Amino acid sequence: MHSHYKTYIYVERLSEYIGSEVVLRGWVYDRTEKGKLQFIKLRDGTGIVQCVLFKPNVAEDVFERAKQLVQETSFGIRGTVRADERAPGGVEIDVNDLWIYHIPPEQYPITPKEHGIEFLMEHRHLWLRSQRQWAILRVRAAVVRAIREFFDANGFVLADSPILTPNACEGTSTLFETEYFDLGKAYLSQSGQLYAEASAMALGRVYTFGPTFRAERSKTRRHLTEFWMVEPEMAFFDLDDTMDLAEDLVEHIVQSVLRNCQRELAVLGRDTSKLERVRRPFYRMSYTEAVEYLQKRGVKLIRKNPDGTESQLDFPWGEDFGAPQEEAIMEQFDKPCIIHRYPAEVKAFYMKRDPADPRVVLAMDMLAPEGGGEIIGGSQREDDYDRLLERIRHENLPEDAFQWYLDLRKYGSVPHSGFGLGLERTVKWITGAEHIREVIPFPRMIYRIVP
RNA sequence: UCCGGCGUAGCUCAGUUGGUUAGAGCAUCUGACUGUUAAUCAGAGGGUCGCAGGUUCAAGUCCUGCCGCCGGAGCCA
């Protein structure tokens with residue numbers, strides 16, 4: 001019988017063991033020596049605690065063995081938990097015994113000092129052990145947990161979409177391609193939405209949650225080629241229902257992180273008062289109102305001319321927003337804002353026209369404050385067979401490949417809507433990370449696939 | 001893809017108008033210290049100046065090409 005793991009004690013729960021002797025195992029985060037005193041910071045994945053060895057109080061061999069502990073040595077200790085104001089975290093361990101699993105034969109490359117980003121990215125597998133990365137990845141896990149809690153508690157069924165797909169969701173230029181036995185090419189999914197629509201017709205409210213892939217040659221601090229997205233899809237929801245749902249979801253995620261991740265947010269130095277404000281209702285603006293705002297504020301559109309020069313235009317109705325426009329719009333807001341009803345020309349073929357204004361579609365994006373950018377994109381879907389077919393032909397998409405998708409409009413078509421929330425963009429905003437590469441354990445970017 | 005920038009010690013960087021044997025801090029090693037939080041103090045070791053070619057009496061420094069990386073734009077979540 002091996003059920004020992006249930007008795008293991010971790011740093012995060014040490015305050016429950018003050019006065020008791022415990023066994024801890026982990027890695028050396030840092031060590032300093034001061035004559036007859038040694039301080040060893042033990043990192044066990046749940047936190048860091050300082051272990052103290054005072055020469056007169058420990059066995060000679062234990063004190064000598066502890067001197068071998070270079071950074072990232074794996075080791076275990078038996079010691080007494082003591083509350084001490086001088087210790088970071090308020091708790092420390094008086095060591096009674098100490099044993100070593102492995103001493104690094106070479107110097108650990110990442111020191112507690114500064115490093116450049118190229119060096120850190122090449123050592124991503126080790127960088128994960130640093131405090132800041134620890135905090136970010138724990139917030140990421142908390143965000144995922146909050147997302148699942150939210151949907152599971154609100155009548156949604158998890159119905160995952162395939163990752164290997166036979167055709168594009170929105171054009172083929174940005175797809176990763178691979179051979180699929182004798183059946184020709186397969187592509188890595190860039191959205192689970194179309195399949196989620198099929199699932200929603202079977203199960204009512206569904207969500208798909210998994211990795212998606214975009215072979216875009218983007219090189220910015222908010223792009224990855226592999227990223228995670230949660231995509232709810234709801235039968236009988238119109239655009240307003242969907243905007244309400246998106247607000248409820250984001251409010252739940254942020255408030256849940258605030259409830260569960262105070263330690264992590266403190267490590268990150270995040271100003272939590274800004275997150276506290278993320279309560280419904282959020283702000284909302286139509287695309288047309290947003291354009292008027294940009295024109296009034298004098299935010300220009302910079303356009304490249306064929307001769308290579310650039311010209312600045314008053315922002316024209318009909319252009320999609322880029323990062324500069326989104327930032328200008330969000331400057332005025334201290335919580336997220338939904339922009340809805342975009343020009344049909346800049347949006348995807350499956351979005352439903354607004355019956356009240358045929359120039360626009362029933363689409364919406366949610367922009368996060370504090371430079372968080374676009375975290376959600378969604379829409380009410382075109383549910384009319386003929387209009388959808390017309391859009392597919394207009395975009396020159398392969399009609400054959402969309403037969404199954406058109407079937408959804410043939411057999412009991414209903415109004416339905418959904419959206420995609422980018423997990424990494426959301427975590428980047430909540431943690432305040434400068435770059436999206438920090439919020440996924442092993443980022444995949446245009447010029448980096450190692451480690 | 002386009003625009004801009006950077007490659008010097010294990011790491012982060014300095015290096016003047018081209019001029020002797022290429023420098024600092026941290027890290028590492030040795031020694032001292034009973035409270036360190038990026039400890040402090042004393043000492044030691046550590047270099048293919050990204051790679052290749054060129055100019056020059058002389059190149060880390062100037063020129064050309066290549067490689068690697070970073071930031072931004074577009075596209076998007």
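It should be emphasised that the depicted structure is a prediction, and the values quoted were computed from it without experimental measurement. Order of the sequence lines sets the chain letters (A, B, ...), proteins ahead of strands, with each chain counted from 1.
Closest to the side chain of A/E92, from the set B/A77, B/U36, B/G71, is B/U36. The side chain of A/M229 lies closest to B/A77 when the candidates are B/C69, B/G35, B/A77. Checked against B/A77, B/U1, B/C75, the side chain of A/R217 finds its nearest nucleotide in B/U1. Of the candidate nucleotides B/U34, B/G74, B/C70, B/C70 has the atom lying nearest to any side-chain atom of A/I117. The A/E216 side chain lies nearest to B/C75 when the options are B/A73, B/C75, B/C69.
Judged by distance alone, with hydrogens and angles left aside, the side-chain atoms of A/R381 form a donor-acceptor pair with the main-chain N or O of A/G418 at under 3.5 Å. No donor-acceptor distance shorter than 3.5 angstrom exists from the side chain of A/E197 to the backbone of A/L194, with no hydrogens or angles considered.
Of the residues near RNA chain B, A/V70 and A/R222, the one whose nearest nucleotide (by heavy atom distance) lies more toward the 5' end is A/V70. A residue-by-residue look at A/F227 and A/A323 shows that A/A323 has its nearest nucleotide of RNA chain B further toward the 5' end.
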Item to check | Stepwise ring pair (Phe, Tyr, Trp, His ring centres under 6.0 Å) check, A/F75 with A/W27 | outcome: CA-CA 6 Å; A/F75 71 113; A/W27 297 262; 9.2 Å; no
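At a cut-off of 3.5 Å, with distance as the only test, a side-chain donor of A/Q133 or A/E438 sits close to an acceptor on the other residue.
Side-chain nitrogen and oxygen atoms of A/H435 include none within less than 4.0 Å of the OP1 or OP2 phosphate oxygen of B/C70. Listed pair A/K34 / B/G35 meets the phosphate criterion, a side-chain N or O lying under 4.0 Å from OP1 or OP2.
Residue-to-nucleotide contacts include a donor-acceptor pair under 3.5 Å from the side chain of A/R425 to the base of B/C76. For B/U36, the base has no donor-acceptor partner in the side chain of A/E33 [N/O atoms by modelled type, under 3.5 angstrom]. Between the side chain of A/S218 and the base of B/C75 there is at least one donor-acceptor pair of N/O atoms closer than 3.5 Å.
Residue contacts for A/D365: at a heavy-atom cut-off of 4.0 Å it reaches no nucleic acid atom on any strand shown.
For A/K428 and A/E424, the salt-bridge test fails: no basic side-chain N is under 4.0 Å from an acidic carboxylate O.
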Polar atoms only, N or O, under 3.5 Å: list the protein pairs with nucleotides 22-27 of chain B and their distances.
from, atom 1, to, atom 2, distance (Å)
B/A27, O2', A/Q107, NE2, 2.2

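Heavy-atom contacts from other residues, nucleotides or ligands closer than 6.0 Å to CZ of A/R13 number 12 or fewer.
Taking the six-membered ring where the residue is Trp, the centroids of A/F321 and A/F315 are separated by under 6.0 Å.
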